Amino acid sequence: MTNLEIAELLRDVAAAYQLKDQNKYKFQIIAYERAADAVEHATSELKDLWDDGKLEEVPGIGPSIAEHLGELFKTGHSRHFDELMKDIPKEAFKLMELPGIGIKTALRLIAQGEPSEVKKLLKEVEVREKKTKRHLLPYAASTAGFIIDWMKKDKNVIQIDPLGSLRRNVSTIGDIDILAKVKGKSEKVKVIEHFTKYPNSQKTIEAGDTTASILIPGDIQIDLLVSTTEQYGAALQHFTGSKHHNIALREFSLKNGYSLSEKGIREIRNPKHEIRKFKTEKDFYNFLGLDYIEPELREDTGEIEAAKNHSLPRLIELTDVKADLQIHSSFDIETSHDLGASSMEEVVKKADELKYEYIAFTEHNPSQKGHTDFQITEKLKAKKEEVEQINYSIKNMNTKYIRRVFNSLEIDMKSDGSLPVPGEGLNTLDFALVSIHSNFDLPRDVQTKRVMAALSHPRVKIFAHPTGRKLNEREGAELNWPEIFEFCLKNNKWIEINCDPMRLDLPDTLVREAVKLGVKLTFGTDAHHIDGMNNMTFGVSVARRGWCEKTNIVNCLDLKSFEKLLV
DNA sequence: GCCGTTTTCGGCCCGACTGTTTTCAGTCG
């Protein structure tokens, strides 16, 4: 069972409890929903954690749920869950996937609704399941941009910001949330009305005094919140989320006698006292005795504690990046995969525009099929000469920042972890990347050994797009991450944050683990055209979400320090 | 059922919107 399936099951259990005595089981409902959230956010497969006896280390899973899950893993069933859900039709759980339908509505529909009506809804669930794809970050950002432009046409809008997962730079975005600042109450109404008239809107889902939602083509939901200048800080904080961050923040504040909402902060001991208002988020957090928390960190993974202790990281920024360590040029070495579209010269000029000091050319290795080891080595020698030529001509290229290009290679590791490049060929390289392009579904232990074998050659420095996931398309390979991290630390290997918006791999949750352990990371845009080099910003977002400072990233070193690492 | 710089017991986030509810339950973020 995957974590997603387990999370769904736990939510179904919570729903089953809702049908029993609501008051009696109120907290079981909350507990199971929290456990479901925790499972969804876990960095390891739950099954693996159970194998290692570490289920209860997941916050939100205690002795009881751990025991039920253990039984589930061992026998395929949990008697407790089965008993709870035995009288509830399976269709009811399915129907709950539709917005606005909870367990009670679902049961009512099944009990008294037309059977054909229920069938229609179930079909809708199926369609939904197929296209319930979340939107890639750049796509969501540009969609939000269009709506923001539309909203700015209304003179009543003083300021407007994207919110939610978009503002937190999550790799994939569900709904797009937007906050508008207006002067007073009467302007709110006008702005909401203007919003519902967005030319591209298919339907208004809801429209109240302060919030509204519309649906645009592609089944994308846009939520708008309108707030006044006086309350803008509190509203920005509230709507940026994440939900988990806000829950944790409110629990923290309750202990200090404060109740939080999007309107501001209320003192519990003086209920008649007016709500304290905040124009900025910084003021809001500071009032609670916390340092300002960057949106990327607001996931309830220790940021509140760190803000209290003044130990939040100084997050990396795009301008800290001095290099791009995965780029494919059009120099043809008859690769095993796709060639880049831009010449080495074009790439160098683009790198200079981006103010990089150095870059690496990392074409795919020459294909084994159709080449002898000798021929592969010959191809790589030719590439080495070309790179040397580029390095020589950089001095005359009228560039400002770029000083060196490195001769590298993205090597497609074989299923046993050996490399399809002979030793002599490897010796032509300054350093190499290895990555998985086949056999994604090997058992965890086998896959882990494979990767460590591939990383073992002294020329190999980087494990590129390490999970191999493609967002909305395929899950990544299963790896024993603690073991890989330990191997990298011990042998001075680095792990890539691939900046391709479809990959964003290493995922942010694993970046966080790597940072905690001190494993060094690199950025590579994996560009196959100079335009792709602009994707660095998305990799930086992933790094920020993983609590990276610039010291965690190899590409932030200046050229001299980087060269020293290669010796 | 989970969890701990006020607790191993006694707490558990907060408000908005919708519908048929005439005072609130269900659902959502």
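Numbers restart at 1 for each chain; the letters A, B, ... are given by sequence-line order, proteins then strands. Being a predicted model, the structure only gives us computed values, none of them experimental.
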>> Please classify the nucleic acid contact of Ile30(A) as base, sugar-phosphate, or nothing, using heavy-atom distances under 4.0 Å.
In response: nothing
> Got a sec, which residues hit side chain to side chain donor-acceptor pair (under 3.5 Å) with His244(A), two or more places apart in sequence or on another chain?
Replying inline: none
> Any stacking of Phe27(A) on dC12(B), going by centres under 5.5 angstrom and planes within less than 30 degrees?
Replying inline: yes
> At under 4.0 Å, does any side-chain N or O of Ser259(A) touch on OP1 or OP2 of dC14(B)?
Replying inline: yes
>> When you measure from the side-chain N and O atoms of Lys243(A) to the phosphate of dG29(B), is any distance below 4.0 Å, counting only OP1 and OP2?
In response: no
>> Measuring only the C1' atom in each nucleotide, how far is dC3(B) from dT8(B)? A whole number of Å is fine.
In response: 9 Å
> Given the P atoms of dG1(B) and dT6(B), what is the spacing between them in whole Å?
Replying inline: 27 Å
> How far apart are the C-alpha atoms of Tyr25(A) and Gln18(A), what are their side-chain angles, what is the distance that settles it, and do they pass the side-chain hydrogen bond (donor to acceptor under 3.5 Å, both in side chains) test?
Replying inline: CA-CA 7 Å; Tyr25(A) 294 105; Gln18(A) 267 184 65; over 6 Å; no
>> Is there a side-chain contact between Thr105(A) and the phosphate of dG19(B), meaning an N or O under 4.0 Å from OP1 or OP2?
In response: no
>> Please confirm whether the shortest side-chain N or O distance from Lys308(A) to OP1 or OP2 of dT5(B) is below 4.0 Å.
In response: no
>> Under the side chain to side chain contact (heavy atoms under 4.5 Å, CB included) test against Asp154(A), which residue among Val182(A), Ile160(A), Val191(A) passes?
In response: Val191(A)
> To the side chain of Lys104(A), which of dC12(B), dT27(B), dC14(B) is closest?
Replying inline: dT27(B)
> Which nucleotide in the set dG29(B), dC2(B), dT27(B) lies at the smallest distance from any side-chain heavy atom of Gln18(A)?
Replying inline: dT27(B)
>> Taking the C1' atom in each of dC14(B) and dC9(B), what is the distance between them to the nearest angstrom?
In response: 25 Å
>> If you compare every side-chain N and O of Tyr32(A) against the phosphate oxygens of dC2(B) (OP1, OP2), does one of them come in below 4.0 Å?
In response: no
>> Using atom P in both nucleotides, what's the gap between dG11(B) and dA16(B) to the nearest angstrom?
In response: 27 Å
> Between Thr229(A), Asp161(A), Thr228(A), Leu236(A), which is the residue that forms a side chain to side chain contact (heavy atoms under 4.5 Å, CB included) with Lys181(A)?
Replying inline: Thr229(A)
>> Measuring from atom CD of Glu296(A) to atom CZ of Arg298(A), what distance do you get when rounded to the nearest 0.5 angstrom?
In response: 9.0 Å
> Quick one: is Ser64(A) getting a side-chain N or O under 4.0 Å of the dG1(B) phosphate, OP1 or OP2?
Replying inline: yes
> Can you tell me how far P in dT23(B) sits from the matching atom in dC28(B), rounded to whole Å?
Replying inline: 25 Å
